[in-house]
There are 4 protein chains.
Amino acid sequence: MIQAAKRPPGRARSDASRTAILNSTLKLLESQSLQQISIEAIAREAGVGKGTIYRWWPSKAAVVIEAFLVNHISRVSATKGMGPREAVIHILRLLIKEYAGREGRIVAQIIAEGQSDPDVLREFRERFWYGRRAMALELVNEARRLGEFRDDIPADCQLDLLFSPIYFRLLSGQAPLDQEFADAHCNAVMHLMAPPVRQTPTTPKSR
Amino acid sequence: MIQAAKRPPGRARSDASRTAILNSTLKLLESQSLQQISIEAIAREAGVGKGTIYRWWPSKAAVVIEAFLVNHISRVSATKGMGPREAVIHILRLLIKEYAGREGRIVAQIIAEGQSDPDVLREFRERFWYGRRAMALELVNEARRLGEFRDDIPADCQLDLLFSPIYFRLLSGQAPLDQEFADAHCNAVMHLMAPPVRQTPTTPKSR
Amino acid sequence: MIQAAKRPPGRARSDASRTAILNSTLKLLESQSLQQISIEAIAREAGVGKGTIYRWWPSKAAVVIEAFLVNHISRVSATKGMGPREAVIHILRLLIKEYAGREGRIVAQIIAEGQSDPDVLREFRERFWYGRRAMALELVNEARRLGEFRDDIPADCQLDLLFSPIYFRLLSGQAPLDQEFADAHCNAVMHLMAPPVRQTPTTPKSR
Amino acid sequence: MIQAAKRPPGRARSDASRTAILNSTLKLLESQSLQQISIEAIAREAGVGKGTIYRWWPSKAAVVIEAFLVNHISRVSATKGMGPREAVIHILRLLIKEYAGREGRIVAQIIAEGQSDPDVLREFRERFWYGRRAMALELVNEARRLGEFRDDIPADCQLDLLFSPIYFRLLSGQAPLDQEFADAHCNAVMHLMAPPVRQTPTTPKSR
DNA sequence: AGTTAATCGAGACGGTACGTCTAGTCTTATT
DNA sequence: AATAAGACTAGACGTACCGTCTCGATTAACT
C-alpha cells in the first residue's frame, strides 16, 4: 500500500505568517531598494518575529525572489495561435512593459544583490530564468525550422541578442524601457533575425 | 602679470591619503563585494580617518568608481590601422577579456550598487560609459558608411546588440565570459551586422 | 466512608519526564550557573517538551529547588548520642563541608535567583531553611537548658551567629569554605557561646 | 622634568554620557532587579548608544557597581571621638539602616549577579569590601588592645560574626533589617565580644 | 470496546535582548 | 583648513530564549 507523506511532528508552519512576510516585503520594495530594506523592517511590517523569517529563508533576497515568483505566476500568458515570430515579438514587448514597472525594479534589485551573493543569483536563475529561457528557446527553434529566423548562427546567441538589450537598459539606466525602445528593438531584431536573402546560384556569396 | 589661482588657506589636501584610500579600496575589493566592504574597513586599511573619506566622496561606490577609473586609463588601447569592422571586433574581444577578471567584478559591483543609488549609476555613466559609447558609435557609423555594417537599423540598436550580451553574462552569471563566448558572440554579430545581400530585381524573394 | 482522592481523568503525569528534568538540571548546573541555564537547554537535555516543564514548575529556580531537595533528603544525618554542644559543632562542620562543593554552588545560585524573584526565596525558605532552622534551634535551646550555651542573649541571635558566617563565605567569595575556616569558626563560636564564668555569689554581676 | 600624562588622540570621553548611564541605571534599579534590567534599557533610558556602554564597562553589573560607589562616597561618615566599641556599634547600626533601603537592594543584586560572574564579585570585593573591612578590622584591633573586646579568638572571626548576620538577613529574606534587629544584634555581639570575666577569685574585675 | 480528557514530544510562533558592527557626525590635538 | 584618532547616537545584524500555542500521538479512567 502506498504510504502517505507523514507530517513531521511539532506545530505546523503558519501560512498566515508566510503570506504576511511576502506581502510586506513587496510593499517595502515599493519605496526602497532591497539593500535598504532590513529584515527587521520586514518582520516589523509583517507583525512577525525575526526568527520566523530566518527559519524559512536564508536571506532577504530569497524572500524577495519568492515574493516575486508568487505574484508572477501565469503572467507570461498565452502566445497560442501566433506563429513563432509573432510570439517572440509578443514576448519581447511584454517583457519590456513588465520590466518598465515594479517588476523590473525587483528583478534589478535581485540581480544587484546577486553580485555579492552567488546563491541568490543561482536561485534566481533556477527558479525564474531557466524556465523562461527554455520556453523562448523553443520558440526560436521553431522559428528557425519554419525559416522565419535565420539559422546561420547558434540559437543561443540569438536568444542573447533578443533579450540582453532589455536587461542592459533595466540595469544601466542608460535609457528608459519605454514604448519607443520596444518598437526600435523589436524592429531591429526582426530585421536581423530574418534569414538572409537566398543567393541566386550564379552569384556566389563573398566570404 | 597674471595672477595664479590662489590656494585657499589651511592645510592642503593630502594626496598620500587619497592614494592610500583608492588603493586600499581596490585591495579590499579583491576579496569581497562592494556591499560587504565598509567605509570603516577602507579607512582602517588605508590608515586614514573616516572623516577624510566622507569629506571627499559621497559614498563608497564613488570611491570605487574613482579607483576603477584611475587604474583604467588608456587601457582601451589602439585600434588604428584597423578597418572599423575589425576595430569593433577587437574592442568586443578586449571587453570580454577585461570583464572576465577583476575589472568585470568591479563594474558589476558598481552597477549593483547603482540599483539602490541613482547617483552612482549616473556618475558611472558619465565618467565611464559615455566616452566609450561615443567612441564605439563612431566606429559603427564609419562601418556603416563603408558598407561593412548594414544601415537598415539604427546605429543605437546596433550598439546595444553588440555590447548588451556581454553585460548580461557579466551580471546574470548564466555563463562565463570565456574565449568560447567571445568567438561565438563576435561571429554572430558579424553575420548579423553584415549588410543583407542585394536582391537582383529579377529574382523575387522567396517567402 | 472516607472518599479516597480521586484521580482526575486523562493521562497521568509521566514520572520518567519528571525525573529526567530534575537530573538534567543538576547535570547542567555542574558546568554553568543557574542564570546561564535556559529552560530550553533543560528540555533539550532531558528529551522533554518545554511545555512539560512549564506545566509543572513556575520557573527554572523552582526546578532547581526541587532537584536539590530530592537529592538532599536525609543527608543531615544523625546527631543522636551527642550532647547538644557537640551536635551543633557537628552540624556546622557538616554544613561547611557540604557548602564547599556542588551543594554550596546550588544553594548560592538559588539565593542569587531569589534576589529578583521573591517566590523563589520564599519557597526555598519554606522547603529548606525552616526545617533546618527549627532543628538547630532545638539543639541550641537544649544546650542552653544544660548550661552548655550561655542564655544571656536570645537563641535567635545565637543561631544567626552560628550560621551566618558560613553563608557569607559562600556568597561573598571573600575566602573559601575550607577546613581551616571550619576549625576557626567552630572554635570561635564555642568560645563565644560558652556561658561566662560564674561569678562568686558575693560579687554581684555588673551590667 | 616630570612628564605630564599625554591625552591620547581622538575625541575625549563624554562625561555627560557617563553620568547619564550611571543615573539611569540607578533609576531603573528602583523598580526592577539587576537581572531584569537590560543594557538596551539602560541605553534607552540614558539616551545613549549601546556601544558607549560596552566600550567602558564589561557588564551591566560593572555599571551598577560604579553607580553604587559614586553615590556612596563618604557616607561611611565619622566615628571620631568615639571609643572603638562605640564606633563598631555605630557602624553596625548604620550598615543595617543603609542596607534596609535602596542601597541594600543594590548590594544584594550585585552579590546575586556575582554568583554567575566571578569578575563581578571580585570587583565588588576590591572596590567596596576591602576598604570597609580594613577599617572595621582596625577598630576591632583597637578594641582588643583596650580590652573592650576579648582577644581569645581571631579578629577575623570577630569581624565575620559582627557583619555576617546582616548580610544573611539582606540576602535570605528570613526577616527584615529593622530597628528591632539592629537592637538585638548589637546587644548580642556586645555581650559576646566583651572579654570573659577574669576568674581569679581574688581580683575582682574592673570592667 | 469506545469515549473522553489530560499528558507527552516536538517545534513554530511573536517577542526581546544579546554583543558586534557600521553609518555618519562630532570633537580633539596636531600638522 | 585638513588630518588621524576615536567617541558619539542610532540601529541592523544573526542568534538564543522567552513563554505560548498548536499539532498528532499516548495513556488512563469512565462509560
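Side chains included, hydrogens not; waters and symmetry mates left out as well; all remaining heavy atoms used.
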Q. Once you round it to whole Å, what is the distance between P of F/dA10 and CZ of D/Arg55?
A. 14 Å

Q: Report the residues that fulfil side chain to side chain donor-acceptor pair (under 3.5 Å) with B/Ser17, sequence neighbours left out, ordered by chain and then residue number.
A: B/Ser14

Q) Nearest nucleotide by nearest heavy atom, which residue falls closer to the 5' end of DNA chain F, B/Asp15 or D/Arg18? A) B/Asp15

Q.
Return whichever of A/Trp56 or C/Gly47 has its heavy-atom-nearest nucleotide of DNA chain E closer to the 5' end.
A. C/Gly47

Q) What residues, two or more places apart in sequence or in another chain, satisfy side chain to side chain donor-acceptor pair (under 3.5 Å) together with B/Gln115? A) A/Arg105

Q.
Once side chain to side chain donor-acceptor pair (under 3.5 Å) is applied, do any residues pair with A/Arg125, and if so which ones, sequence neighbours excluded?
A. none

Q) Using a heavy-atom cut-off of 4.0 Å to chain B, what are the terminal contacting nucleotides of DNA chain E, in 5' to 3' order? A) E/dT22 to E/dT31

Q) Start at the 5' end of DNA chain E and walk down; is the nucleotide closest to A/Gly10 or to D/Gln36 reached first? A) A/Gly10

Taking N or O atoms only and anything under 3.5 Å, show me the protein contacts with nucleotides 11-13 of chain F, one pair per line.
from, atom 1, to, atom 2, distance (Å)
F/dA12, OP2, A/Glu40, OE1, 3.4
F/dA12, OP2, A/Arg44, NH2, 3.4
F/dC13, OP1, A/Ile39, N, 3.0
F/dC13, OP2, A/Ile39, N, 3.3
F/dC13, OP2, A/Glu40, N, 3.1

Q) Does the side chain of B/Arg122 reach to within under 4.5 Å of the side chain of B/Glu126, using non-hydrogen atoms? A) yes

Q) Any side-chain heavy atom of C/Ser116 within less than 4.5 Å of one from D/Leu34? A) no

Q: Map B/Val48 and D/Arg13 onto DNA chain F by nearest heavy atom, then report which one ends up closer to the 5' terminus.
A: B/Val48

**Q.** Side-chain heavy atoms of C/Asp15 within contact of C/Thr19, under 4.5 Å
**A.** yes

Q) With side chains defined as the heavy atoms from C-beta onward, is the minimum distance between B/Leu69 and B/Phe128 less than 4.5 Å? A) yes

**Q.** Rounded distance (Å) that lies between atom P of F/dA4 and atom CD1 of B/Ile42
**A.** 14 Å

Q. Does F/dT27 have OP1 or OP2 sitting under 4.0 Å from an N or O in the side chain of C/Ser14?
A. no

(Q) In this structure, how many angstroms lie between the P atom of F/dG24 and the CZ atom of C/Arg11, rounded? (A) 16 Å

Please output the side-chain donor-acceptor pairs of residues 44-58 of chain B that fall under 3.5 Å, not counting sequence neighbours, one pair per line with the distance.
from, atom 1, to, atom 2, distance (Å)
B/Glu45, OE2, B/Lys27, NZ, 3.1
B/Lys50, NZ, B/Glu40, OE2, 2.7
B/Trp57, NE1, B/Glu66, OE1, 3.0

Q) Taking the side chain as C-beta and beyond, is there a heavy-atom pair between B/Leu26 and B/Ile106 under 4.5 Å? A) yes

